Amino acid sequence: MIKEDILKLKTEKNAIILAHYYTIPEVQEIADFVGDSLALAKKATETDADIILFAGVHFMAETAKILNPDKKVLIPDLEAGCSLADSCPAEEFRTFLKDYPDHMVLSYINCSAAVKTLSDIIVTSGNALKIVQSLPQDTKIVFAPDRNLGAYINHETGREMVLWDGACHVHDQLQAEQVLVLKQQHPEAVVIAHPECKGVVLALADFVGSTAAMLNFVTKSTCNSFIVATETGILHEMKKQNPEKQFYVVNSAESCSCNDCEYMKRNNLGNIYNALLSEEPELILDDETVKLAKGSIEKMLSLS
Ligand code: 13P
Ligand code: SF4
């Protein structure tokens, strides 16, 4: 019933629902498009809808607004934040950058609009390696806010980017010991991991990539079982596309669901319906922030 009401409102208001892979299955099923951060940012530039309802987290809705300042961007719950974005307060980052005046500033898209205004290029987990590799090897770079993704890029490219000391509370707590236990139990399984995980976890992975890249890898793979080191929401689409394959989720402890991102899980059919009906909460950004943040995102899109 609520699904039909959402679809009706969506048509009446010429709205589009964009959802991230970490949202709950019901939300992914109602969405017009489900993707990783990069695909969602690209999709936001392509839509002719009047309203974008972003079922994800705050920085993703901000990105959609920066790319579409004339459209109404709705976020079902303004409290859907991101611990990684929160780990880099803009004013502290501005002060930090004073020590690196000759460095280019690369920021992972999981940061606030204010941090984006201080950045030269935005990257996502889907294009970070490619973008860094496209810069001359001697380019001095500050990378923020994710120390794990930054260290992974340094490792893969042989660079020495200066890293901001931030992390995602969901990925950072995944333990290498858990991966080893699962590998022992399922020696045939292939390990896939999101680059926001710690280096010790990534070192055990057969494949490291964004949510969309992991999904693609699993779907194309001839292997039948996978040890998955990321947020649990991705399993919905992975199982849907690969019903015959087995998935074993890496956790920080035997019996916890600490790799659910509580921010992503704040999106549900009830608050999506209410947001479409009342056209609130609306994501508002001032013109100056939009103007200053846009260049770094557009630079990313041109390099992707
Ligand atoms: P993706 O870039 O894979 O969408 O990841 C976004 C995110 O929030 C990971 O925690
Ligand atoms: Fe942020 Fe981590 Fe949640 Fe992704 S999983 S939205 S990085 S808190």
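As a basis for the values below, the full set of heavy atoms in this structure was taken, side chains included, without hydrogen atoms, waters or symmetry mates. For the single chain, residues carry numbers from 1 onward in sequence order. For ligands, and for the atoms within them, numbers begin at 1 and follow the listed sequence. Here the structure is a predicted model, which is why all the values come from computation and not from measurement.
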Check each atom of ligand 2 against the heavy atoms of [X] and keep those under 4.0 Å away; list them by number with element.
X	answer
E196	7 (S)
S83	8 (S)
H169	8 (S)

If you measure every N or O of [X] against every N or O of ligand 1, does any of those distances drop under 3.5 Å?
X	result
T124	no
N110	yes
H194	yes

For [X], counting its heavy atoms only, list the atoms of ligand 1 lying under 4.0 Å from any of them.
X	result
H171	10 (O)
S37	1 (P), 2 (O), 4 (O), 5 (O), 6 (C)
S210	3 (O)
H20	1 (P), 4 (O), 5 (O), 6 (C)
T211	1 (P), 3 (O), 4 (O)
E196	7 (C), 9 (C), 10 (O)

Any salt bridge linking E91 with R94? Criterion: basic side-chain nitrogen under 4.0 Å from a carboxylate oxygen.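 Looking at E91 and R94, the cut-off is met.
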Presence of salt bridge, K71 and E282, under 4.0 angstrom: no
Does any donor atom in the side chain of [X] or [Y] lie under 3.5 Å from an acceptor atom in the other side chain?
X	Y	answer
T219	N216	no
Y108	E196	yes
D36	S210	yes
S37	T124	no
Y22	T230	yes
H169	S83	yes
N148	D172	yes

Would you kindly specify which portion of [X] sits under 4.0 Å from ligand 1, judged on non-hydrogen atoms: side chain, backbone, both or neither?
X	answer
T230	neither
E231	neither
Y22	side chain

Identify the closest protein heavy atom to [atom]: which residue and atom is it, and at what distance?
atom	answer
atom 1 (P) of ligand 1	S125 OG, 3.4 Å
atom 3 (Fe) of ligand 2	C261 SG, 2.4 Å
atom 1 (Fe) of ligand 2	C82 SG, 2.4 Å

I'd like to know: is atom 2 (Fe) of ligand 2 within the 2.8 Å range of an N/O/S atom from C168, strictly under that distance?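 Within the cut-off used here (under 2.8 Å), C168 does place an N, O or S atom near atom 2 (Fe) of ligand 2.
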Would you please classify the geometry between the F93 ring and the F96 ring as parallel, tilted or perpendicular, with 30° and 60° separating the classes?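 Rings of F96 and F93: parallel, under 30°.
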Given K140, which partner from the list D99, D102, D120 fulfils the salt bridge (charged side-chain N to carboxylate O under 4.0 Å, His left out) test? D102
Please tell me if the side chains of T211 and H20 come closer than 4.5 Å, counting only heavy atoms from C-beta onward.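 They are in side-chain contact.
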